[in-house]
Each structure stands twice: as C-alpha cells, then as structure tokens.
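Encoded as structure tokens, the structure appears first; notes follow it.
Just so it is clear, the model here is predicted, and its values are computed rather than measured.
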Amino acid sequence: MLNGCATYMQPFERSPAKVGSESKAKGSLSSLPEPSEKIVAAIYRFRDQSGQYKSGANFSTAVTQGSTSILMRALEESGWFTTIEREGLSNLLNERQIIQSVRAQHTDGNGNQLPPITPLLYAGVLLEGGIISYDTNVITGGLGVRYFGAGGSGEFRQDQVTIYLRATSTQSGRVLKTVYTTKTIISQKVDGSLFRFVAPTRMLEAEAGYSFNEPTTIAVTEAINKAVKSLVIEGVDDGLWFLKNEEDKYSDIFQNYYNGKDEDPGIDYGRAPMLRPGGLAVGFNGGVQLYEGNYANSLLRPAGELILRYQFSPKWGLGLQAGRGNIAADGKFEKNMNTGELRGTYHLLSTQRISPFLLLGGGVLIEDQDIFEFKPEYHPYATGGLGLELLLSERLGATAMIKNNYSILDGLDGISNGYINDNIWSGQLGLTWYLGRN
C-alpha cells in the first residue's frame with residue numbers, strides 16, 4: 001500500500017528552465033489566414049482593471065500585472081499586426097537622444113558626418129482595454145463521506161476572468177471595434193483520511209490528497225489570445241481590414257468562429273441556460289411503494305403512473321395523474337390500489353439542465369381487492385414529494401422522485417387506529433416528454 005501511495009508523493013527536485021507553456025487558443029491564433037497588409041498597432045498599457053486581490057493577501061493581486069506583454073506577444077503570433085513600443089516610450093526616447101548625440105559628435109572612417117537617426121514608426125490603430133473583472137467562486141461544490149473514522153472528500157471551485165479589447169483609429173479617434181472574452185479557472189482538491197483507535201492505547205491516523213489549481217496567467221493568456229482572434233475575424237467581417245486571399249473568409253477557422261458565436265446560448269453562472277418548454281407534457285413513472293400503517297412487516301410492492309401536465313412556465317406546472325400499485329403486509333393483507341390525483345409542480349432551478357422540484361396535490365385511492373370482481377372503496381389523500389429532473393434534450397427529461405400519499409381518512413389496511421393515518425411511501429424513476437414550445 002505504501003509503495004502504491006509513493007507514486008503520488010513525488011520528492012522535490014530541481015528542474016531546468018524550459019520554454020513557457022502555451023495556451024490552448026494559441027494554435028488557432030497562429031493559423032489565421034494572411035492579411036493583405038499588416039496593421040501597425042500601438043499599446044500604451046493593457047492593465048488589470050479588476051481591482052481584485054488574492055484571498056488572505058492584502059497586497060497580492062489576483063491576476064498578473066504583465067498583461068501588456070502577453071497582448072504584444074499575442075499580436076505578434078497572429079501575424080496580423082506590427083506592434084510598436086509605447087509602454088516604455090520614455091526609455092526609447094532617451095536612448096534615441098543618446099544615439100542622436102553620438103552621431104552629431106562623431107564621423108565615420110572617411111571623415112563624413114554620420115546620418116541622422118531614422119524616424120519613429122507611428123501607429124494607425126491604438127489598442128486599449130484590459131482585464132475588466134475577476135469573479136471568484138462563480139461555482140463551488142464538493143462531496144464527502146466518513147464512516148467509523150475513515151473517509152474522503154472532494155471540493156471544486158470555478159473562478160472567471162473577463163478581457164475587453166478595443167481598436168481605435170489614431171487619425172479620427174473613432175472606436176473601430178470592441179471585443180470581449182471570458183475564461184473559467186478551475187481549482188480542485190481531493191483528500192482521504194483515516195482516524196481510528198487500533199488498540200485501547202494506540203491510535204492510527206493517516207491522510208493523503210492532492211489539489212489542482214489552473215494557473216491564472218495561462219488563463220489570462222488564453223483569454224487575450226481569443227480576444228485578438230475575435231478582433232481580427234470581426235474586423236474582417238466589418239471591412240476594417242482585409243485578407244490577402246478573400247476566399248479565406250470561408251475557411252474553417254472563420255466558419256467555426258461564426259458557428260460558435262451563433263450557437264452560444266449565453267451564460268448563467270457558468271452554465272448554459274435550458275428552459276423547460278411550455279404547454280402540454282406527458283410522462284410515465286415506475287418504481288416501488290411501501291405501506292405504513294397498523295401492521296408491521298410491510299412489503300415493497302411495484303407501482304406505476306401516467307401523467308398529463310400543463311407547464312404554465314419553466315417553473316410552474318399543473319397536471320393529472322392516473323396510477324396503479326399494490327400495498328401489502330407480510331401474512332396480513334395485500335391490496336391493489338388505483339390512484340387519480342391533481343398535482344402541482346415547482347422547479348427550483350428552472351434555467352438549469354438539472355433542477356430539483358417540489359410536488360404537492362391531492363387525490364383519491366380506489367381500492368380494488370379483486371380485479372375480476374370490481375368492488376371499489378374510495379380513500380381521499382394528500383400527496384407531497386421531492387424530486388430531481390435532468391433534461392436529456394430540449395423536450396425529454398428524466399426524473400427521480402420520492403413522495404408520500406397520506407390518507408385523509410384512516411383505514412387503508414381495514415383498521416382505524418392510532419394518531420397517524422395510514423400512508424404510502426413511494427420511490428419512482430420516469431421520463432417526461434414536453435410537447436409544447438419554448
């Protein structure tokens with residue numbers, strides 16, 4: 001066991017310097033088609049404007065302060081821009097003055113005056129913007145279990161960084177194009193522990209785990225690379241700059257960008273919203289139920305139901321149910337029960353693919369002891385339940401539910417006794433087809 005765990009406990013070793021890791025967006029950025037003419041662009045400062053600091057650190061920022069350097073490299077990798085130095089303009093001007101002074105005071109080997117320094121290159125486009133926001137704990141969650149001193153747990157957290165980039169004409173001052181991108185940052189932690197007395201005076205304690213934190217700088221780099229790619233493609237689409245070969249506008253890299261932008265449904269706390277269609281819906285549930293009453297040793301029995309529901313909104317629905325099941329106590333009785341009820345449902349997370357829902361309603365139990373000799377007895381009841389629905393598609397949902405049918409008049413088992421009326425617990429799985437439209 002110790003040898004197996006040793007693979008996760010790597011010793012600290014010195015490693016040589018290596019080329020920095022690239023973001024996933026670099027490949028598509030460097031594969032952009034060639035421009036008809038490179039754009040001369042200047043960047044004075046592309047800075048962090050989020051104002052976010054690391055938790056627990058008063059003077060350490062949450063994101064890099066060197067985003068200008070990241071943007072200049074992204075522009076170079078794209079092959080569309082000729083970038084000129086403006087962030088260190090004062091240093092550049094001082095150095096040019098030194099060169100000019102030396103050339104004015106010295107001559108070449110033939111005694112001729114040295115030529116003046118070449119003029120500075122000026123930009124046609126000014127690139128501005130920055131890291132606009134850094135949102136922490138957009139989504140958090142975890143799971144853990146512990147039994148008899150042994151257990152494990154896992155946690156995750158998702159942050160999000162947002163980049164804005166705009167291109168401005170230096171001659172007119174008009175903002176030509178503004179784009180923005182977002183990138184999520186994932187942090188995960190998994191651990192396990194053991195805490196147990198192995199003898200009255202001896203205790204065993206052990207723990208192991210690992211964590212993963214996505215590098216913030218790589219996430220910022222990927223968002224900036226995506227912003228530069230968006231600026232180039234949308235600028236071509238708006239006629240601000242042109243391709244060397246106009247047919248490249250129909251290439252895969254352009255079409256994939258358009259398709260991805262058109263299909264993006266928006267973001268709701270990092271998850272794509274998915275609304276339940278309104279109108280009619282039909283469903284079928286099947287499972288088991290357990291009678292709770294005056295007899296002990298109740299037995300699990302099968303049950304099923306058909307549902308016709310009208311969805312007034314993604315949250316609210318009202319439906320009719322017809323079902324059949326069986327209740328029994330070992331050696332005491334066994335009865336077939338038909339049900340009909342009116343129920344209302346409320347989805348707590350109506351814009352999520354997975355949503356808990358509440359169920360409340362009432363109906364009547366129709367007792368049918370002999371299916372060939374129909375002698376019904378009617379028992380009104382109230383029902384309530386809690387479930388979970390997963391939308392498999394825009395029209396199909398899978399449900400899991402636990403509910404209780406509480407008899408208003410005692411006597412499901414033929415005995416009226418005690419302070420609590422007879423009731424039936426049931427657990428069901430099912431499918432729901434939404435026939436309406438979003």
Side-chain angles (χ1 to χ4, degrees), residues 1-15 53-58 60 62 135-160 184-216 218-219 269-271 286-293 295-302 329-330 347-349 352-359 384-390 398-404 406 420 423-430:
M1 183 183 65
L2 294 177
N3 288 335
C5 294
T7 58
Y8 296 97
M9 305 301 169
Q10 300 292 344
F12 292 101
E13 296 180 355
R14 296 181 59 187
S15 59
Y53 290 88
K54 289 183 179 179
S55 59
N58 294 329
S60 181
D135 303 308
T136 60
N137 299 331
V138 176
I139 299 176
T140 60
L143 179 67
V145 63
R146 182 174 296 277
Y147 176 74
F148 198 51
S153 64
E155 302 175 15
F156 72 90
R157 186 189 77 204
Q158 179 177 299
D159 301 339
Q160 181 173 282
T184 57
I185 303 171
I186 297 295
S187 299
Q188 296 175 312
K189 178 183 177 183
V190 177
D191 59 21
S193 62
L194 176 65
F195 187 88
R196 182 177 298 175
F197 282 93
V198 296
T201 58
R202 296 179 183 273
M203 182 182 67
L204 173 64
E205 183 175 1
E207 59 182 355
Y210 70 92
S211 63
F212 166 76
N213 298 289
E214 190 174 0
T216 307
I218 296 297
Y269 296 101
R271 298 180 180 180
V288 294
Q289 61 184 21
L290 185 68
Y291 145 84
E292 184 179 42
Y295 290 112
N297 302 322
S298 56
L299 302 176
L300 284 174
R301 283 292 184 258
D330 189 16
H347 287 84
L348 279 71
L349 303 176
Q352 301 298 320
R353 184 181 294 271
I354 301 177
S355 172
F357 65 88
L358 302 176
L359 180 149
L386 177 66
L388 192 69
E389 182 180 39
L390 167 64
T399 59
M401 177 177 60
I402 296 176
K403 70 168 186 171
N404 180 264
Y406 187 84
I420 299 177
N423 58 90
I424 301 173
W425 289 94
S426 62
Q428 299 177 355
L429 300 175

Original post:
So, for Pro356 and Leu388, which heavy atoms are closest and what is the spacing to 0.1 Å?
Top reply: N-CD1, 3.6 Å
Original post:
Considering all heavy atoms of both residues, which atom of Ile354 and which atom of Leu390 are nearest to each other, and what is their separation?
Top reply: CG1-CD1, 3.4 Å
Subject >> Distance-only donor-acceptor check, side chains Ser187 and Asn213, under 3.5 Å >> reply: yes
Subject >> Spacing of Phe156 atom CZ and Thr140 atom OG1 [to the nearest 0.5 Å] >> reply: 7.0 Å
Original post:
Step by step, would you call Leu358 with Leu386 a side chain to side chain contact (heavy atoms under 4.5 Å, CB included)?
Top reply: CA-CA 5 Å; Leu358 302 176; Leu386 177 66; 3.5 Å; yes
Would you be so kind as to tabulate the donor-acceptor pairs closer than 3.5 Å made by side chains of residues 189-200, with sequence neighbours excluded?
from   : atom 1 : to     : atom 2 : distance (Å)
Asp191 : OD1    : Ser153 : OG     : 2.7
Ser193 : OG     : Arg146 : NH1    : 3.2
Ser193 : OG     : Arg146 : NH2    : 2.8
Arg196 : NE     : Phe148 : O      : 3.3
Arg196 : NH2    : Phe148 : O      : 3.1

**OP:** Give, for atom CZ of Arg157 and atom OG1 of Thr136, the distance between the pair rounded to the nearest 0.5 Å.
**Re:** 7.0 Å
Original post:
Nearest 0.5 Å, what's the CD-CD1 distance between Gln160 and Ile139?
Top reply: 9.0 Å
Original post:
Looking at Ala62 and Thr216, what are the two nearest heavy atoms and their distance?
Top reply: O-CG2, 3.5 Å
**OP:** Without swapping roles, check the side chain of Ser298 against the backbone of Tyr291 for a donor-acceptor pair under 3.5 Å.
**Re:** yes
**OP:** Output the distance between atom CD (Gln188) and atom CD (Gln158), rounded to the nearest 0.5 Å.
**Re:** 10.5 Å
Subject >> Nearest-0.5 Å distance, CG of residue Leu290 to CG of residue Asn404 >> reply: 10.5 Å
Original post:
Side chain of Glu214, backbone of Ile186: donor and acceptor closer than 3.5 Å?
Top reply: yes
Original post:
CD1 of Ile420: more than 12 outside heavy atoms within 6.0 angstrom?
Top reply: no
Original post:
Roughly how far apart are Asn423 CG and Gln289 CD, rounded to 0.5 Å?
Top reply: 11.5 Å
Original post:
Do you know which two heavy atoms are closest between Ala296 and Ala329, and how far apart they sit?
Top reply: O-CB, 3.7 Å
